[in-house]
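Step one of this worksheet: look at the structure below.
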2 protein chains.
Amino acid sequence: MKDSRPNFNSDDKDKSPADGSVKDGGYELKGRVWIEGPSGTFLGYGRAVLLERIREYGSISEAARSMGMSYRHAWELVDSMNREAKAPLVETATGGKGGGGARLTSDGEAAIESFWGLHARFKEFLKNEMENLII
Amino acid sequence: MKDSRPNFNSDDKDKSPADGSVKDGGYELKGRVWIEGPSGTFLGYGRAVLLERIREYGSISEAARSMGMSYRHAWELVDSMNREAKAPLVETATGGKGGGGARLTSDGEAAIESFWGLHARFKEFLKNEMENLII
DNA sequence: TTTCGATATATATTATTAAATACAACGATC
DNA sequence: GATCGTTGTATTTAATAATATATATCGAAA
């Protein structure tokens, strides 16, 4: 059946991989998973890394610096997580020796753990799908 | 072991769900998957929907309108997909009866099919994970 | 040859996000 | 009480993305 509409530039060249220039591989399956709370993102990859850095450095500002992230942004993420969570994931201190600091609560530790588990299983999923992917 | 650092505002109220205000459910697992080509995104959810609309309407501009998307943006997505793909997913015509139009190639049809399959299995994955999710 | 609506593209404008900067408040320690 | 580096926040600036506008091009059909 011929289409009644006019000229379609059908560009149907090199479906057969005769020359070496066929884009054969080069495709990649990517994805993201995150947990959403009542009013926005609760925990995703970047937030999980941030939590780990806070645990490592004991400071939001240092954690932010280590990730090349502005303090403000890091603080907003922490604030968002704390508001979204049932109980705060990070507890902070202002003043005192060293000016203050931040540390994870046990809920914070658990949240990281839980997310990395999810993340690992997701990577596995992508790997499997990638193997069956036909493009 | 008591921490030597100063005052942590530990905010440890209502871990026990005594009052009714506990944010018990309200969490949702979300995610995205997409296929990346040699130089950027190749196919994701929005692009798959766009392809379907193009099939439905036979026109990029009408497809864009139907999605509340600017023609320019839609055109850029189509252009990107065509460049990224081994062979074009959309073929276009300018001029002629009705001014021109656009339609899917067989590769375009196959790409949609393939992506929706992936998407469905991904939704299944999220559903399973959601059931085991502890926050 | 003129008309038509859509493609293909450039340019300008607006809106949204992200980043940078600044600074008051804090409280244990010296 | 002075000091310290951090938290917590506001304000400003820069960067990016999204949208709007404009227009040249196309070719079948009238």
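Treat the numbers as computed from the prediction; the structure is a model and nothing was measured. So that the names make sense, note that chain A is the first sequence line, chain B the second, and so on, each numbered from 1.
Enclosure of atom CD in Glu109(A) by more than 12 non-hydrogen atoms of other residues, nucleotides or ligands within 6.0 angstrom is indicated.
Between the CG atom in Leu77(A) and the OG1 atom in Thr41(A) there is a gap of 9.5 Å [rounded to 0.5 Å].
Taking the six-membered ring for Trp, Phe115(A) and Phe42(A) have ring centres at least 6.0 Å apart.
At whole-Å resolution of the value, CZ in Arg65(B) and C1' in dA20(D) are 15 Å apart. In this entry the distance linking CG of Asn82(B) with P of dT9(C) reads 12 Å, nearest Å. Taking atom CD1 on Ile54(B) and atom C1' on dA6(C), their separation rounds to 13 Å, with Å as the unit. For Glu76(A) and dA10(D), the CD to C1' distance is 11 Å, given to the nearest whole Å. As rounded to whole Å, 14 Å separates atom P of dT7(C) from atom CG of Leu77(B).
The side chain of Ser59(A) places no N or O atom within less than 4.0 Å of a non-bridging phosphate oxygen (OP1 or OP2) of dG5(D). Side-chain N/O atoms of Ser61(A) include none lying less than 4.0 angstrom from OP1 or OP2 on dG5(D). Considering only side-chain N and O atoms, Trp75(B) lies nowhere under 4.0 angstrom from the phosphate OP1 or OP2 of dT7(C).
Between Glu62(B) and Asp79(B), the one whose closest nucleotide on DNA chain C sits nearer the 5' end is Glu62(B).
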Under 4.0 Å protein heavy-atom contact, by nucleotide of nucleotides 14-25 of chain C - B base, S sugar-phosphate only:
------B-----
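The backbone N or O of Glu91(A) sits nowhere less than 3.5 Å from a side-chain atom of Arg103(A) that would complete a donor-acceptor pair. Judged by distance alone, with hydrogens and angles left aside, the side-chain atoms of Asn82(A) form a donor-acceptor pair with the main-chain N or O of Val90(A) at under 3.5 Å.
Side-chain contact between Leu118(A) and Leu29(B): present, with at least one pair of heavy atoms (C-beta onward) separated by less than 4.5 Å.
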